[in-house]
Amino acid sequence: MLERYKPLEIEKYWQDQWLENQPWKVSEDGNKPKYYLLEMFPYPSGRIHMGHVRNYSIGDVVARFKRLQGYNVLHPMGWDAFGMPAENAAIQHGTHPAVWTKENIANMRTQLKRMGLSYDWSRELATCDPDYYRWEQLIFLKMFEKGLAYKKSAAVNWCPECETVLANEQVEEECCWRCENKVEQKELDQWFFRITSYAEELLEWTGKLPGWPESVLTMQRNWIGKSTGAEIEFSVEGKDQSVRVFTTRPDTLFGATFMSLAPEHPLAETLTVSERREEVAAFIKKVQNVDQIQRSSDEYEKEGVFTGSYCVNPVNGAKMPVFLANFVLMGYGTGAVMAVPTHDQRDFEFARKYDLPMQVVIQPEGETLDPATMTEAWEGPGTMVNSGDFDGLDNDAGKEKVSAALEAQGAGQSSVNYRIRDWLVSRQRYWGTPIPIIYCKDCGAVPVPEQDLPVKLPIDIEFTGEGGSPLAKLESFVNTPCPQCGQPARRETDTFDTFIESSWYFLRYASPHCETSPVDQAAVDYWLPADQYIGGVEHAVMHLLYARFWTKILRDLGMISLDEPFENLLTQGMVCMETRSCPEHGWLYPEEVEDGRCSRCQAEAVSGRNEKMSKSKKNVIDPDGLIKRYGADTARLFTLFAAPPEKDLEWNDQGVEGCYRFLNRIWRLVYDNLATIDDVSEVDTGTLSSAAKDLRRLVHRTIKKVTEDIDGSFHFNTAIAAVMELVNSISAAPDKEAAPEVLREAIESVVRLMAPFVPHICEELWQELGYEDSLDECGWPVWDEDALLADTLLIVVQVNGKVRGKVTVAADADKDTVEAAALADTNVMRFIADKTVRKVIVVPGRLVNIVVG
RNA sequence: GCCCGGGUGGCGGAAUUGGUAGACGCAAGGGACUUAAAAUCCCUCGGGAGUAAUCCUGUACGAGUUCGAUUCUCGUCCCGGGUACCA
């Protein structure tokens, strides 16, 4: 055995072994329980970053741990390969997105292998591969057939200078990121998925996912945003038209004094009288330039414009002026609200500004509201007043009563509304899955016949970042005969949102090479649901909701029988770091800062916020340097030890050295004791000295702690700390050579317990300890309950809640004995001597609190 | 704005179900070994008082519940994530 730990040599040896033997290649096996461990697959941005190292180190611990526990573990890896950065690289550097992506995948695959992650690489997939996206196109066609995919008009960010659609991220302070021109909103015909049809089921199942963090479930519930209320129809005075509103407060209907419509509302134009047309048009234009987040914010100045038309309140015949208002969003409800200024704060502000009438219809208990003196709306509960037959009712009961009355009258009914909107999946970009639709001027939108799939993304294409969608300019792609009538037609040139690929890749892993359908049902039945999904908390809503949605879609298409894809979810925190910038050169990489100055111009580097490591802000650490210097085991250990997984990890590279030192300590522990423990008998628990018993107790307590820290809570940092303590104690253990069999058990336990975290060094040491089989073969250590028990316990003694002493008692001492020992402690006696003992609280095995006064 | 998290020494973090605040590691200081350096080992390490025993104080801030609060409740401040075309 070598005296020194040489990580790079060891890691190369074991990685070569793993490459050759593929020990983690799995198939369906009825003899073992299955365990599907899934980590969110990466976008191939170029190089792995610390977030990946963290995510995949966490996952690998669990995968290796479960394997050691005897599970048949599926642990796959792939690439979320479509997306905007590839196209940006093409525009900026002239590299084709396909080439750029392929190179990145090759690089990152090498990097992941260098980390010693236990993947079944035979299942690797890349979403930009036609063998993958062809199935997505098929699923889309089936959805189209069932009406779950449909087209409608929706707004996009449009840069008039570049003549291109911009993603939200490409809009900086309302301007295009490339040419800095003002961005406009433009209406386009786009494809949608009817996720709203699944809103109720998606919501209901949030109550049936006990393995998910409550915070994620709450976020999803709020995102779906179910609210119950009523839809009410208001006829327009003097016209054969009506405005439908959704309200959660039908109980306030008698207080509705005007109407507010979204500026985009289809009736906005027809309801505008000719003399107000100019003013209204100017207002609509102004609102269109403001984004929705700003529009719905509380601080945003509420503004509106009168259309000149009036509605009639169906319950009291009141004449209600119709306004367009900037805070009403077309995307929510019906895009129109009945305004009740007395009981809705936004309506209140609006009414005060435009001097509109107010009528109190809910009186809170013990108060009398008067519109003349009110300074804000009363949104709380109360008794209904000024509401005809409903006067005197509790407003909560009134909600249903009013809805019922409206229904009888034919002017409305109770209704449920969701905040969630249908999923817009069209993207006016190149690097994505082509949408398999052909437009014929006679037949309309015609699906590409199944046998013609996949519609392959053409490769011979130019990138300028200007002039609209690149695919639309490629005549050879666009022009194609109509599959129905044969006359010349045009292909859809939009591509799919890349969130679609990540909504079903975890199903494809079960049968990644299936050539007859998206998934092999038997394989999905065996492997799914994923027992554990691990990924960044930033995906709490969108990705995780879309993945749940598509699982249900595939179920309803009869392709799988699965309601939910992920049994347990671990959302890891982000890896954050301070950003730094130079006034001259913009964002700076850490290696571009020397002594707080920009390495290029020597200007002082400005420290920015601490935020998620991201390439665009250059606050990233390249894990490669770490691995080259210390090895993969140290890199893994450090990310696992630095913080518990669900917490954000603030990067600081000082702790790395300590982890490397710890691995050296383990190495030396084996090296120094190898001769002593070379040939020993079994532990005989009957004849152990008290020192040997103490060591053995700590060994078994550590096994228990590490097992529970990994299995229950993923608290790897405390698991590792426990092994560190064990190593310290073994080194310091008195007279350990006297019981070499206990020493051997202790040292072997250290190696076995660390194996999921730092596999290379542990395999190597396991071999040095004389084992020929891999650690994988010997299973996870089991603790001996009898070895855990101690003879004595340390009990803390408090007086009035403050620690005043500690006493040691026999482990089986009864309450009275413990109490007596506590009262007899000399320091404790000082504090109770001249006082009356009022109460003594004894917490068995822990503490005694003496209350005096 | 809205929704979801978080805030503990110089730093990362630990603390079972409300029961010794600061485990483990880093950094720092002191010492041993060495011609020297590296490596390793030993000691100190929240703040304050004290020779010491020990005492006071301390978990973002302000209240509350409790024999006892980092933990539970209410309010405030600050930081991070998401906000539907970044992935």
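Below, read A as the first sequence line, B as the second, and so on, with proteins coming before strands; counting in each chain starts at 1.
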Does [X] qualify as a cation-pi partner of [Y], given the criterion of NZ or CZ under 6.0 Å from the six-membered ring centre and within 45 degrees of its axis?
{"X": "A:Lys151", "Y": "A:Phe192", "answer": "no"}
{"X": "A:Arg419", "Y": "A:Trp223", "answer": "yes"}
{"X": "A:Arg427", "Y": "A:Phe496", "answer": "no"}
{"X": "A:Arg804", "Y": "A:Phe831", "answer": "yes"}

Problem set entry | Sole candidate of A:Leu329, A:Val328, A:Asp344 that passes side chain to side chain contact (heavy atoms under 4.5 Å, CB included) when paired with A:Val337 | A:Val328
Of the listed nucleotides ([options]), which one gets closest to any side-chain atom of [X]?
{"X": "A:Met219", "options": "B:A84, B:A23, B:C3", "answer": "B:C3"}
{"X": "A:Lys839", "options": "B:C67, B:A87, B:G80", "answer": "B:C67"}
{"X": "A:Arg804", "options": "B:C55, B:A87, B:G13", "answer": "B:C55"}
{"X": "A:Asp80", "options": "B:G19, B:A87, B:A14", "answer": "B:A87"}
{"X": "A:Val851", "options": "B:U83, B:C67, B:C24", "answer": "B:C67"}

Exercise. For A:Glu819 and A:Lys815, what are the C-alpha separation, side-chain angles and deciding distance, and is it a salt bridge (charged side-chain N to carboxylate O under 4.0 Å, His left out)?
Worked result: CA-CA 6 Å; A:Glu819 193 176 322; A:Lys815 211 173 155 177; over 6 Å; no
Exercise. How would you label the glycosidic angle of B:G82: syn (within 90° of 0) or anti?
Worked result: anti
Just checking [X]: base, sugar-phosphate only, or nothing, at a heavy-atom cut-off of under 4.0 Å?
{"X": "A:Gln190", "answer": "base"}
{"X": "A:Glu646", "answer": "nothing"}
{"X": "A:Val165", "answer": "base"}
{"X": "A:His539", "answer": "base"}

Exercise. In dot-bracket, 5' to 3', how would RNA chain B read with Watson-Crick or G-U wobble pairs under 3.5 Å, [ ] for crossing ones and | for pairs to another strand?
Worked result: (((((((..(((......[....))).(((((.......))))).((((....))))..(((((..]....))))))))))))....
Find every protein N or O atom lying less than 3.5 Å from an N or O atom of nucleotides 40-45 of chain B, and list the pairs.
residue : atom : partner  : partner atom : Å
B:C41   : OP1  : A:Arg665 : NH1          : 2.8

Problem set entry | Spacing between A:Arg54 atom CZ and B:G12 atom C1', to the nearest angstrom | 11 Å
Exercise. Taking NZ from A:Lys806 and C1' from B:U20, how many angstroms apart are they, rounded to a whole number?
Worked result: 5 Å
For this session: Tell me whether the OP1 or OP2 atom of B:A14 has a side-chain N or O from A:Asn717 closer than 4.0 Å.
Result: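 For B:A14, OP1 or OP2 has a side-chain N or O of A:Asn717 closer than 4.0 Å.
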Exercise. Can you tell me if the side-chain N/O atoms of A:Asn88 get under 4.0 Å from OP1 or OP2 in B:C86?
Worked result: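 No, because none of the side-chain N or O atoms of A:Asn88 sits under 4.0 Å from OP1 or OP2 of B:C86.
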For this session: Decide yes or no, distance alone: a donor-acceptor N/O pair under 3.5 angstrom between the base of B:C3 and the side-chain of A:Asn222.
Result: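 Flag unset: no donor-acceptor pair detected.
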